Every structure is written in structure tokens, then in C-alpha cells.
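Taking it in order: structure first as C-alpha cells, then the write-up.
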Amino acid sequence: MTEGSLRHLINKYEADEFIDYYNDTMLNHIMPELNIQPMIHINDVSKVKVNMLNENYENSGISYDTNTNTYYRGYKIAVIRGIVENGGIIEEIRFGSADIHDLNLSEEMLRNSTYYEGIFIKRIYQLFEKCKKN
């Protein structure tokens, strides 16, 4: 496949469509088909840094990195990983600009996931509300 063909294929879709496709495929097809039922779920948000001086990164944001005490341009990716036997599986993904708060990026994914039930998820909702007030 040539670079031009690949660009044409990618440009036919919006970024959200790729992520929604992945989430739907994992949660509604692969995990049920393989009977994957993680009992431990880990929510993680990672920074994806890009060149600060290049403004051509679509939908990127500028944020402050408290670990390095510097500003950066980029994105954030939130994932929920499920622990399965001695490995893990990425259950869901959300992608956003660097200037969005980690909780805001993860909230929809945590509230709407079909894999989180019971008192644990109620506790997460309480923590969301508490953090939003502060």
C-alpha cells in the first residue's frame, strides 16, 4: 500500500470513528466471544506530547506538566485496562486534547461501560462529583 493510499483511507474517517470502532469491537464482540471477564480494571490517562512549536497538530492542546514543571503541546489518551490471568487487555479508549482534565476525559467511559457494576462504580461517581466541586 502506498502512502497516498493510506492517507486516502485514513482521511475517509474521523478520529472518533476509529476509537468508537475499537471500543465497540472489544466490548461487544471480542471480549464476549472469547469469554474475557476481567475482575480488576485500571483507568490510566497518559500524555502524548508533540512538538510545542508546531501548531499543525489538529485538536492538540497546551497544558502544564507538573512532573517536569513545563508546558507542553499534545493530547491525552485514557484507557481502561482489564487484568486477565497474567496479562491485560485494553477494554476502552478515549482520546482528547492535553488541556482536558483526566477525570473529564475518563468520565463518560467509566459511567457508560457495561463492565462496571455495583458498589464500585457508585464510589467512582461519588469521587467524580467530589473532584468537580474542588
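Predicted model only: the values in this text are computed from it and were never measured.
Under the 4.5 Å side-chain heavy-atom criterion for grouping Ile, Leu, Val, Met, Phe, Trp and Tyr, V48 is not connected to M52 through any hydrophobic cluster. Hydrophobic clustering (ILVMFWY, side-chain heavy atoms < 4.5 Å, transitive): Y64 and Y72 are in distinct clusters.
When hydrophobic side chains of Ile, Leu, Val, Met, Phe, Trp and Tyr are connected at separations under 4.5 Å, I42 ends up clustered with I40, I83. Members clustered with L105: V45, I100, by chain and number, using a 4.5 Å side-chain heavy-atom cutoff among hydrophobic residues.
In this structure, the side chains of N23 and M109 stay at 4.5 Å or more apart for every pair of heavy atoms. Taking 4.5 Å as the limit, every side-chain heavy atom of E91 sits out of range of all side-chain heavy atoms of I36.
The salt bridge (charged side-chain N to carboxylate O under 4.0 Å, His left out) search around E17 returns none, not counting sequence neighbours. Under the side-chain hydrogen bond (donor to acceptor under 3.5 Å, both in side chains) criterion, D99 pairs with S97, sequence neighbours left out. For the side-chain hydrogen bond (donor to acceptor under 3.5 Å, both in side chains) test, residues two or more places apart in sequence or in another chain that qualify with R73 are S60. Applying the side-chain hydrogen bond (donor to acceptor under 3.5 Å, both in side chains) criterion to D16, with sequence neighbours excluded, gives no partner residue. Evaluation of the side-chain hydrogen bond (donor to acceptor under 3.5 Å, both in side chains) rule for K49 yields D65 as partners, not counting sequence neighbours. In terms of the salt bridge (charged side-chain N to carboxylate O under 4.0 Å, His left out) criterion, residue partners of D44 (sequence neighbours excluded) are, by chain and number, R81. When the ring pair (Phe, Tyr, Trp, His ring centres under 6.0 Å) test is applied to F95, the partners found at least two apart in sequence or on another chain are Y75.
With hydrogens and angles ignored, the 3.5 Å screen pairs no side-chain donor or acceptor of N59 with any backbone N or O of G96.
In this structure, CD1 in I19 is found 11.5 Å from CD in E92, a value given to the nearest 0.5 Å. The CD atom of E14 sits 11.0 Å away from the CG atom of D20 when rounded to the nearest 0.5 Å. Atoms CZ and CD1, from R94 and I80 in turn, are 8.5 Å apart once rounded to the nearest 0.5 Å. Between atom CD1 of residue I90 and atom CE of residue M26 there is a gap of 8.5 Å, rounded to the nearest 0.5 Å.
Under the ring pair (Phe, Tyr, Trp, His ring centres under 6.0 Å) criterion, the residue pairs touching residues 17-36 are Y13-F18, with sequence neighbours excluded. Counting only residues at least two apart or in different chains, ring pair (Phe, Tyr, Trp, His ring centres under 6.0 Å) contacts with residues 43-63 are absent. Evaluation of the salt bridge (charged side-chain N to carboxylate O under 4.0 Å, His left out) test over residues 22-33, restricted to residues two or more places apart or in two chains, returns none.
Remark: N11 CG is packed, more than 12 non-hydrogen atoms of other residues, nucleotides or ligands lying under 6.0 Å away.
In this structure, L53 and N51 approach most closely via the heavy-atom pair N-OD1, 2.9 Å. The two residues G61 and A98 have their closest heavy-atom pair at O-CB, 3.5 Å.
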